[in-house]
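Bear in mind that the values here come from a model prediction, so they are computed numbers and not experimental data.
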Amino acid sequence: MSRVIRARAIVEDDWTLAVEGLPYGAAAGKLIVPLARWRAERAALLSSAAAVGVLLPNTEDVESVYPLLADRPLIALQFPTFADGRALTQAVLLRIRLGYTGELRALGDVVRDLAFWLARCGFDTVVPRPDQDLQACRQALDEILVAYQPAADAHAPVWVRRRARAAG
Amino acid sequence: MYRYDETDRELLRQRTEQFRDQTRRYLAGELPEDDFRQLRLRNGLYQQRHAPMLRISVPYGLLESAQLRRMARIVRTYDRGYGHFTTRQNIQLNWPQLERVPDLLAELAEVQLHSIQACGNATRNITSDYLAGVAVDEIVDPRPYCELLRQFVALHPEFYWLPRKFKFGFTGATVDRAATRTNDAAVHVLRRDGAVGYRFFVGGGLGRLPLLGQEMNAFVPEADLLLYACAILRTFNRFGRRDNIHKARIKIVLREWGIERFRAALEEEYAKIRSSAEGERLRLLPEDIERMRGHFSAPPYRPSSEVAAQVTAQADRDPRFAAWLKRNVRPHRMPGYRVVFVSLKAPQRAPGDCTAAQFEALAEVCDAYSFGELRSTYDQNLVLADVAERDLYALWGRLDAAQLATPNIGLTTDMTACPGLDFCGLANAGTLGVTHDIYRRFDSLDAQYEIGPIRITLSGCMNGCGHHSVGHIGILGVDKHGEEWYQVTLGGSPGNDAAIGERVGRALARNEIADGVERLIHAYLRLRSDDDETFIECYRRVGIAPFKVALYGSESDSEAAAA
């Protein structure tokens, strides 16, 4: 079992990525399956796995597929390279427009220097690239503590904070 | 001038430390080259021919004297004693050492300067009208909106890893002095029935496929600046191509989809933002805009109308001052004040270059004569925006002593050029030698005054940093079997009459290009209807054919070459 960063802590991962072919049954545990598999095998997956999360391609329109995902405990989004930011928009829309409150997980070319941006966009689980130092990735979540603009985290926009300051 | 508060200072401090750590890890071998590349670009660092190039953002082209003094120190300490003003109103250093860049950035941060998102696939420095706040034709001062947007896009987590770079350009005047439609998004701040709003254009860009921005929305309400910008950037982040770097700008999405489909997608996203909690958070209140406007209030002018006679007398006595007054000084909206252009196009100098001593001289003159502020222009000159007429003669003397008073603004030797093959790792051909050759042919001021307004622009490669596509005479350096050749385009313009230049024909060799430009200009002098018809007006009236003959010697030559 690999270790991941979840809710700012390094933990043993209890999810298995099942792109295809993993056995069903009690041993299946918690599975992350691609969207296509979730569409095709939904009933079988629900009856056999302990929990089912869904992996989306970063080209997917999250708003149109959200009815299929709203009750999922986990959605995994992909970074083919860390400089491909499409999944950041998917994450922000899932969190702030669609109101998704389950686990959002970043997979792929996830490096320490992406961690801060992931955290701001609403990811709560980071699965770093194998060569990355987990402790360093965890610390990088809070690399910059000041933000100008709102995203999917707790930062209030700077113009709103300045209103409050002006009001005394 | 926008003044940082504790939030701005702290953000920049932490950002500087973030990059210091990234650089340390790279130099220690802990960060692979490819990973570091993405990080250093977003901190302004390109790998260039000889050394890294550091681009320093100058938000909407506004600088103050403390920053100029710091630049003087920085170019002496970290570089070879000069910096280079660019066509995005920024400053580039050509010789910094990577090991020292974190310290350099920390020194910049102390005076509110930075390199955040100066390169890389993110939102770049926002450009603006260099006469903002003083232009006679201004409707709304764009600077408060530029700064509000700058803060929105700085380190924006959703839009930090875009498909390609993204440029915003602003104007709030009737005359476009910021080449706005060459930007990925142009924002025209205006009034409709008394209310302030924005006319948005999207899809402009120079480079391999030069295109002008297309109108997307004729009037976005003032409060919705960040909502509409968010909708544009989100649409780009989702749909911009990532399979081919040459097709990754937003202009390609627009071209592949067509304007109507793109506009529909953009407006749908804008409508969703507007009607949601996200829109509530992004919507500006009048007090937000008012607070920002307070940073850009007019300086304490002392209006006077009594000195005009004195300036005329000084000009009568000193013809060099008279020439400068005529060519480099423009009207101001306040009686008794003028706008002064500082030419960075002296003989023997690369366009846009500024030495440490010149940075210092500029700091002194802007403190003494222009309320401590200076602007950079997209054609690589500088502007002292608020000079009292009574100070013009003294100011001229000091600029002249610093070689900053060449009376050539808007004329033949006021060429725009990227650094070209001499410095840039992307370039195919040199630009600086060509500007030098052209300069020599038109060095005489009388000849330049006879020719009148003309924009000659040069880029050393297709990326078009020297704005060759929007030059009246545009020159593009190309590589042919290891030799430098130059393609000529005619009729481009960056302003209200924005147009992409038309390619004349075959490229000219390095030893032919300056002669070719000279022939084009002589053709114009023969063809113009009268002394008042400018090069671009003449070109638009007579068309490309006679210029083609002039450039290639005879029509049959060029046809033979094209065949």
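Proximity to chain B (any heavy atom under 4.5 Å) is shown, for A91(A), by neither the backbone nor the side chain. Only the side chain of Q22(B) comes within less than 4.5 Å of a heavy atom of chain A; its backbone N, CA, C and O stay farther away. For L39(B), the part sitting under 4.5 Å from any heavy atom of chain A is the side chain, from C-beta outward, and nothing else. In this structure, chain A has no heavy atom under 4.5 Å from any part of P163(B). Neither the backbone nor the side chain of S276(B) has a heavy atom closer than 4.5 Å to any heavy atom of chain A. F159(B) touches chain A through its side chain: at least one heavy atom from C-beta onward sits under 4.5 Å away, while N, CA, C and O do not. Looking at E269(B), the atoms closer than 4.5 Å to chain A (heavy atoms on both sides) sit in the backbone and in the side chain alike. Using a 4.5 Å cut-off between heavy atoms, A154(B) contacts chain A through both its backbone and its side chain.
Looking at every heavy atom in both residues, I96(A) comes nearest to R281(B) through CG2-NH2, 4.1 Å. Closest approach of T7(B) to R162(A), counting heavy atoms only: CB-NH2, 4.2 Å.
Taking the charged nitrogens against the carboxylate oxygens, R112(A) and D21(B) do have a contact shorter than 4.0 Å, which makes a salt bridge. A salt bridge is absent between D5(B) and R161(A): the closest approach of a Lys/Arg side-chain nitrogen to an acidic carboxylate oxygen does not fall below 4.0 angstrom. For D113(A) and R42(B), the salt-bridge test fails: no basic side-chain N is under 4.0 Å from an acidic carboxylate O. The pair R163(A)-D288(B) meets the salt-bridge criterion, with a side-chain N (NZ, NE, NH1 or NH2) lying under 4.0 Å from an Asp/Glu carboxylate O.
Atoms CZ and CD, on R95(A) and E278(B) in that order, are 15.0 Å from each other to the nearest 0.5 Å. Atoms CG and CZ, on N58(A) and R242(B) in that order, are 7.5 Å from each other to the nearest 0.5 Å. From E158(B), atom CD reaches atom CG of L88(A) across 7.5 Å, with rounding to the nearest 0.5 Å.
Side chains of P150(A) and L282(B) form a contact here, defined as non-hydrogen atoms less than 4.5 Å apart.
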Criterion side chain to side chain contact (heavy atoms under 4.5 Å, CB included) on F82(A) and D35(B), from CA distance to verdict: CA-CA 9 Å; F82(A) 73 86; D35(B) 291 4; 3.4 Å; yes
Can you list the steps and then say if Y148(A) with V153(B) is a side chain to side chain contact (heavy atoms under 4.5 Å, CB included)? CA-CA 8 Å; Y148(A) 277 135; V153(B) 299; over 6 Å; no
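Heavy-atom pairs under 4.5 Å with chain B were tallied for V111(A), L145(A), D109(A), L114(A); the largest tally goes to L145(A). Taking chain B as the reference chain and counting heavy-atom pairs below 4.5 Å, the highest number among L93(A), D131(A), T81(A), T59(A) is found for L93(A). Heavy-atom pairs under 4.5 Å with chain A were tallied for R13(B), R15(B), E10(B), R238(B); the largest tally goes to R238(B). Among the candidates H156(B), Q38(B), E287(B), the residue making the largest number of heavy-atom pairs closer than 4.5 Å to chain A is H156(B). If you tally non-hydrogen atom pairs under 4.5 Å between each of L284(B), L285(B), L226(B) and chain A, the highest count goes to L285(B). Listed options L118(A), D61(A), D133(A) were ranked by heavy-atom pairs under 4.5 angstrom with chain B; first place goes to D61(A). Contact count versus chain B (heavy atoms, under 4.5 Å) is highest, among E63(A), Q149(A), E143(A), for Q149(A). Comparing C121(A), A83(A), A151(A), P80(A) by how many heavy-atom pairs each has under 4.5 Å with chain B, the most go to A83(A). Top candidate by heavy-atom pairs under 4.5 Å with chain B, chosen from R165(A), R120(A), R97(A), is R97(A).
Ring planes of F152(B) and W159(A): tilted class, angle from 30 to 60°.
Within a 6.0 Å sphere centred on CZ of R283(B), other residues, nucleotides and ligands contribute more than 12 heavy atoms. Surrounding NZ of K247(B) are at most 12 heavy atoms belonging to other residues, nucleotides or ligands under 6.0 Å away.
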